[in-house]
Structure formats: structure tokens, C-alpha cells
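Letters A, B, ... mirror the listed sequences (proteins, then strands); counts begin at 1.
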Amino acid sequence: MTPSASDLLDWYARQRRVLPWRALPGQVADPYAVWLSEIMLQQTTVVTVMPYFERFLKRYPTVDALASAPLQDVLASWAGLGYYSRARNLHACAVLVSDRGGFPDTVAGLQALPGIGAYTARAIASIAFGVPVVPVDGNVERVTARLHAFETPLPAGRRALDQLASMLNDDPAAQAAPSDFTQALFDLGAGICTPRRPSCLMCPWRVSCRAHAGGEPARFPVKAPRKARPERHGVVFVLEDATGAIWLRHRPEQGLLGGMTELPGTSWQDRPVALSDAFSESPAEVTWKVAGQVKHVFTHFTLNLTVVRGAVENFRMLHNQPGFACPPHAIADQALPSVMRKCLAL
DNA sequence: GAGCCGTGGGC
DNA sequence: TGCCCAAGGCT
């Protein structure tokens, strides 16, 4: 049985979430707010995004304001949200959009912009510009896989699943309300058709759902087994001067934590680094004292850092080292990723 | 297609 | 505790 778009839209009219980036019923969505929220929400929960979104909108009220801001300010505002290439692409995209006088209103036009892929282009196009397309994110993937009791494991089955998801839009009622239909799918996935224990009895589509009929809805989508996560080890140095300032440095523009600020440290190895070896890479020849261990889980490896601290009278002796002195009151404004804030917290 | 790219929370 | 998950994109 084909799911009815009207049933979903009726449910959405009653149950829709109120979110800061979402237009109220009858209002027109702001493309800037929609775009900003979509970038932040990539692989990131609504609860995490909320305070960042509010802060960004206050600090950069328009896409022009964001385009005019220094990249380093944007990175500092983004610090803690993760996936920092998003922030770099966000800024680059703002510059392009500001130059052309506004966001493109087509899927192709949007997808040509940095940081906007197939999903985000369709999300912005449908939500902000009323283009009748179905963005396939984790929510839509899960809902669709359950509707069809789709057995092919992901990611191998993704193309076929995308095809099935796009068919949700065959219903004229869906095409008549692209913005609401997309957001209704999100709310359904987030609130009803949840990953672990879906609330099928409250679902407007349960009569059409083959996974519900089969009695094991949580089994879908089927996923291929994951690879093990390797471990890496390193030592970081917290070097303080007599005024309490800390010695920091910038990471390379590309790669992990690209463009962010960090504590100086050793390279990261597959095995624990002996302190005697680490000291040869330290920024200064002082007496180092172990402050503690920090364990931090990245997407594709676990990092174990030994944090050591030392003191110098001043940083004059470091004049030819890469890095800069950061007074205590300026730490909060640095583009320090969470892993580095953990180290400093010791 | 597969690997890289963060972080915090839930169970 | 370890694993999974969250409105993915880029190479």
C-alpha cells in the first residue's frame, strides 16, 4: 500500500516541531537561516545545533555579514561543532552567495556551491524555495527502508533506496507542499520512526509500512558491519609564562581539524609515545610535569593524549617556534576544537 | 565505493 | 565501557 502524503501532512500540521530556523505556518522560510541550519545539522543533532545557530544568527545576521567576517572568526564561532571543513565551506559559500546577490533557487544551482551536496541542495530547494524534491538524509533513508522492509544492507543498497525515497514525491499532495512535506519527513524520522524503538502506534504511515507489518521495524535499515577503530597516541605541551599565557599554534588548513588552533604536541603514533622521546619535540627545554591523560574519539580513530605542562618566565626564547602566546582571557575566543579544550581543562 | 572528517549523548 | 547514532560532503 502506497503511503499517503496527505496523512503525513495532516499529522505534521498537528505535531510539527517549533525550531529556530523553521518558518511558522503561513510564513515564508528565510533561505539564509535554512542554509545555515542545514549545514550545521549535517551529522549533528538538533540539540547540539540549537545554541550554535542562535549565536551565529546574532553574530552574522545576514549572508553578507557572514561573508564579510574573517574566516578565523567563523572558525572560532564554530569551535566545538566538529567537521570543521563545514565552517570553511560555509564561509566560502557565503562569499559566493553574497557576490551573486542571493541564494540560487534550483537544486543544480545550490549543489554547485561549496559544502552543499545532493542532500542539502534538495533540502534547501524544497524548504526555502518550494521545489518538489525529496532530500534523502538518515531520517528519510530510515523511513523509506522501513516502508519497504528494504533488506539490502547499506551502503550497497543506497542507490536503490534513494530511488524508492524519490517515489514518495509521486503523490500530488506531496508536490503541492514541498516545504512541509520535507520537514514532515524529518519530524517523522526524528520523533516517530526513530532508530531504536520506533513509536509505530503513533505513526501516520503505519498501515503502509511493511516493516511494521513484519513486526521488527527497528531491524531496518539493514547496515553492513563497520571496521574497527584504530588507536593513536601523542603528547601535548601546555606551556605557560609568568602572566598565565599559553603557547598555541595553528593547524594546517587541510585535513583533520584543518585551520583550527591547537596545543603544540608530538605527531600521533600507532603506539604510546615515550615521554623521553616526546620532550625532544617540545617547544622549550623546561621541566615537564604530567598533568593527565585525555582520550578523544574521532570518527575513524581514538586518540590518547598525554598532557604535560611546563613554565617559562616569558616566551622570548620561542621567537623562532611556530605559534603564538594566548592570554588566559582570550582562550575562549580561540578556534580550539573540543579535544584541545579537554587538554586545557586538566 | 571507501576513507576521511568531530562531537556529545543514549543505552 | 563500547558502540551506535545525528537534517552529509569531498576526494
Task: Footprint string (nucleotides 5-11 of chain B, 5' to 3'): B base within contact, S backbone only, - free, heavy atoms under 4.0 Å - done: BBBS-B-

Distance, nearest 0.5 Å, that separates [atom1] of [X] from [atom2] of [Y]:
| X | Y | atom1 | atom2 | result |
| --- | --- | --- | --- | --- |
| A/Trp205 | A/His212 | CH2 | NE2 | 15.5 Å |
| A/Tyr119 | A/Asp162 | OH | CG | 13.0 Å |
| A/Met167 | A/Leu147 | CE | CG | 11.0 Å |
| A/Leu336 | A/Cys326 | CG | SG | 7.5 Å |
| A/Arg341 | A/Ser338 | CZ | OG | 7.5 Å |

Task: Start and end of the DNA chain C segment that chain A contacts, any atom under 4.0 Å from a heavy atom - done: C/dG2 to C/dC10

Open item on the list: Please list all pairs meeting side chain to side chain donor-acceptor pair (under 3.5 Å) that have one or both residues in residues 122-139 of chain A, counting only residues at least two apart or in different chains.
Closed with: A/Ser126-A/Thr182, A/Asp137-A/Asn139, A/Asn139-A/Arg142

Open item on the list: I need the CZ-P distance between A/Arg226 and B/dG3, as an integer number of Å.
Closed with: 13 Å

Pick the [atom1] atom in [N] and in [M], then give their distance to the nearest Å.
| N | M | atom1 | value |
| --- | --- | --- | --- |
| C/dA7 | B/dC11 | C1' | 23 Å |
| B/dG6 | C/dT11 | P | 14 Å |
| C/dC4 | B/dG3 | P | 15 Å |

Open item on the list: So for atom CD, which belongs to A/Gln27, do other residues, nucleotides or ligands contribute more than 12 heavy atoms lying within a distance under 6.0 Å?
Closed with: yes

TODO: Between A/Asn89 and A/Glu38, name the one whose nearest nucleotide on DNA chain C is closer to the 5' end.
DONE: A/Glu38

Task: Check: A/Trp78 ring centroid to A/Tyr52 ring centroid under 6.0 Å - done: no

- [ ] Please check if the distance between the ring centroids of A/His250 and A/Phe324 is under 6.0 Å.
- [x] yes

Task: Distance-minimising heavy-atom pair for A/Pro264 and A/Trp247 - done: CD-O, 3.2 Å

- [ ] Measure across A/Pro135 and A/Val140 and return the closest heavy-atom pair with its distance rounded to 0.1 Å.
- [x] O-CG2, 3.2 Å

Task: Of residues 119-127 of chain A, the positions that come close to DNA chain C - non-hydrogen atoms, cut-off under 4.0 Å - done: A/Tyr119, A/Thr120

Task: Those residues of residues 133-161 of chain A lying under 4.0 Å from DNA chain C by at least one heavy atom - done: A/Asp137, A/Gly138, A/Asn139, A/Arg142

- [ ] Only counting residues at least two apart or in another chain, list the ones meeting side-chain hydrogen bond (donor to acceptor under 3.5 Å, both in side chains) with A/Thr45.
- [x] A/Thr48

Task: Whether A/His296 and A/Phe298 hold their rings parallel, tilted or perpendicular, with breakpoints at 30° and 60° - done: perpendicular

- [ ] Select base, sugar-phosphate, or nothing to describe what A/Trp35 touches, counting heavy atoms under 4.0 Å on all strands.
- [x] nothing

- [ ] Check every strand shown and say whether A/Leu19 touches a base, only sugar-phosphate, or nothing at a heavy-atom separation below 4.0 Å.
- [x] base

